[in-house]
2 protein chains.
Amino acid sequence: MKRAKKKIFADFIAQRGLKTTKQRDIILDSFLSSDRHLSIEDLYLKLRAKHPNIGYATVYRTLKLFAEAGLAREMQFGDGQTRYEHVGEGEHHDHLVCTRCGHIEEFENETIEKLQDEVANSRGFLIERHRLELYGLCSGCRK
Amino acid sequence: MKRAKKKIFADFIAQRGLKTTKQRDIILDSFLSSDRHLSIEDLYLKLRAKHPNIGYATVYRTLKLFAEAGLAREMQFGDGQTRYEHVGEGEHHDHLVCTRCGHIEEFENETIEKLQDEVANSRGFLIERHRLELYGLCSGCRK
DNA sequence: CTTTATGCAAACTATTTGCAACAAT
DNA sequence: ATTGTTGCAAATAGTTTGCATAAAG
């Protein structure tokens with residue numbers, strides 16, 4: 001799966017006439033073996049630990065490339081930190097966000113999606129995407 | 001209704017030992033007679049037209065006060081602009097956002113809310129609040 | 001060789017803060 | 001008088017960009 005995603009990125013790079021670089025390899029590798037909702041800063045710090053001379057700008061630019069390649073998606077959970085979440089093909093999910101510890105869980109619910117479509121239809125809206133986030137205390141933090 | 005909200009704010013101000021000022025009156029008045037999802041910048045520009053010497057910082061600070069007083073709620077729709085929406089007591093609604101013209105509509109759906117609670121319960125989450133936004137083309141922009 | 005990528009620092013955007021002058025109580 | 005408020009400019013946080021140098025094709 002990590003292999004498959006690397007392939008996707010390699011193809012994307014090739015097809016756009018871009019170049020394979022050491023940095024992109026490192027960043028992709030680190031991204032793929034990280035938490036599914038990593039903030040840019042966290043990824044940057046994680047990278048710096050092993051590769052002290054990698055630049056912040058490169059991380060930003062490379063994450064944008066991942067997004068264009070369809071490997072990642074930019075997300076904001078309102079804490080002022082942009083996160084990139086891992087994207088699998090065609091998959092979609094929503095989020096539970098713990099306001100205390102920051103833990104993020106994913107969920108899917110067919111019925112909710114269906115109801116959303118109904119709402120949109122009744123208003124003449126054509127939905128492209130949506131976001132649904134439930135904020136509160138995770139089971140761990142409730143105690 | 002505008003009157004009622006002004007009363008709420010006046011009470012809030014009094015009860016906190018804060019002061020009534022010309023600026024706060026002007027900003028509240030302008031806020032109350034604006035679009036329900038106004039960006040800070042839009043409000044600022046609107047204000048500047050009549051009151052050229054009002055400061056950006058004052059607008060920021062005052063809007064935060066409105067939020068604390070329960071008159072407004074801070075919202076982000078991902079375009080880098082913070083908006084403040086009007087809040088009525090106990091009311092909650094979600095949003096349809098047009099990605100082309102920026103139009104924002106509100107909707108409510110009991111069933112979706114109920115399903116959200118179920119999801120949260122099944123994960124042991126205690127929901128404090130949620131956000132649901134449907135992005136796409138509004139009826140006008142579909143043509 | 002030619003073109004793209006990198007790292008750094010400077011630029012930018014949205015927002016917040018310090019502070020002296022000012023207004024409300 | 002006292003305390004909170006304003007407007008400005010400077011500070012901050014997150015992100016983007018210009019550019020000379022370096023690396024990939």
Side-chain angles (χ1 to χ4, degrees), chain A residues 9-31 37-69 72-84 102, chain B residues 6 9-31 37-45 47-69 72-84 102:
Chain A
F9 188 61
D11 291 349
F12 170 83
I13 285 292
Q15 167 196 328
R16 295 254 278 227
L18 304 179
K19 288 170 180 173
T20 305
T21 69
K22 221 183 319 175
Q23 287 86 334
R24 288 180 177 164
D25 289 346
I26 292 167
I27 297 173
L28 180 54
D29 206 68
S30 187
F31 174 71
H37 303 91
L38 205 66
S39 73
I40 298 177
E41 184 170 16
D42 288 345
L43 182 56
Y44 175 69
L45 292 176
K46 184 176 163 185
L47 283 163
R48 283 297 276 222
K50 288 216 166 201
H51 309 274
N53 51 338
I54 219 158
Y56 224 128
T58 303
V59 178
Y60 270 94
R61 291 188 276 231
T62 306
L63 284 171
K64 285 208 181 303
L65 277 186
F66 294 170
E68 289 180 58
R73 184 186 298 120
E74 220 173 301
M75 309 238 58
Q76 314 262 163
F77 293 108
D79 61 349
Q81 295 264 223
T82 296
R83 286 159 201 283
Y84 278 86
Chain B
K6 287 189 180 180
F9 189 61
D11 291 349
F12 171 83
I13 286 292
Q15 168 195 327
R16 293 254 276 228
L18 303 179
K19 287 170 179 170
T20 305
T21 68
K22 222 182 319 175
Q23 288 86 335
R24 287 180 178 162
D25 288 347
I26 292 168
I27 297 173
L28 179 54
D29 206 70
S30 187
F31 174 70
H37 302 91
L38 205 67
S39 72
I40 299 177
E41 185 171 14
D42 288 344
L43 182 57
Y44 175 69
L45 292 175
L47 284 163
R48 282 298 274 222
K50 291 217 165 201
H51 310 274
N53 51 337
I54 218 158
Y56 224 128
T58 303
V59 178
Y60 270 96
R61 291 188 275 229
T62 306
L63 284 170
K64 286 210 182 300
L65 277 186
F66 294 170
E68 288 180 60
R73 185 185 297 119
E74 219 174 303
M75 309 240 54
Q76 313 264 163
F77 294 109
D79 61 349
Q81 296 263 222
T82 295
R83 284 160 202 283
Y84 277 85

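Sequence lines set the chain letters: A, B, ... in the order given, protein chains first and strands last, and positions in each chain run from 1. When reading the values below, keep in mind they use all heavy atoms of this one structure, side chains included, and skip hydrogens, waters and symmetry mates.
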Residue pair B/K22, B/H51: steps toward the side-chain contact (heavy atoms from CB on, under 4.5 Å) verdict = CA-CA 11 Å; B/K22 222 182 319 175; B/H51 310 274; over 6 Å; no
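The interatomic distance linking A/K64 (NZ) with C/dA5 (P) rounds to 16 Å, in whole Å. Rounded to whole Å, atom P of C/dA14 lies 13 Å from atom OH of B/Y44. Distance B/E41 CD to C/dT13 P: 10 Å, rounded to the nearest Å. A/L28 has its CG atom 15 Å from the P atom of C/dA5, to the nearest Å. At whole-Å resolution of the value, NZ in A/K19 and C1' in C/dA5 are 8 Å apart. Separating the CG atom of A/L18 from the P atom of C/dT4 is a distance of 8 Å, rounded to the nearest angstrom. Rounded to an integer number of Å, the gap from A/I27 CD1 to C/dA5 C1' is 11 Å. Residue A/K22 contributes atom NZ, which lies 12 Å from atom C1' of C/dA5 at whole-angstrom precision.
Note that the CD atom of B/Q81 and the CG atom of B/L38 stand 10.0 Å from one another [nearest 0.5 Å].
A/I27 pairs with exactly one of A/L65, A/T21, A/T58 by the side-chain contact (heavy atoms from CB on, under 4.5 Å) rule, that one being A/T58.
You'll find that the side chain of B/R61 is closest to C/dG18, out of C/dG18, C/dA5, C/dC8.
Between B/R24 and B/L28 the shortest side-chain heavy-atom distance does not fall below 4.5 Å.
The shortest heavy-atom contact between B/L63 and B/F31 is CD2-CD1, 4.2 Å. The two residues A/G55 and A/Y44 have their closest heavy-atom pair at C-CE1, 3.9 Å.
Here B/Q76 does not reach the OP1 or OP2 of C/dA14: none of its side-chain N or O atoms lies under 4.0 Å away. For the OP1/OP2 pair of C/dT16 and a distance below 4.0 Å, the side-chain nitrogens and oxygens of B/Y60 include no atom meeting the criterion. The shortest distance between the side-chain N/O atoms of A/T21 and the OP1/OP2 oxygens of C/dT6 is below 4.0 Å. The side chain of B/T20 contributes an N or O atom lying less than 4.0 Å from OP1 or OP2 of C/dT25. The side chain of A/T58 contributes an N or O atom lying less than 4.0 Å from OP1 or OP2 of C/dG7.
Contact footprint of chain B on DNA chain D: nucleotides with an atom under 4.0 Å from a non-hydrogen protein atom, first to last in 5' to 3' order, D/dT3 to D/dC8.
For A/P52 and A/L65, each mapped to the nucleotide of DNA chain C holding its nearest heavy atom, the one lying further toward the 5' end belongs to A/L65.
With respect to B/K6 and B/D29, a salt bridge is recorded, a charged nitrogen being found less than 4.0 Å from a carboxylate O.
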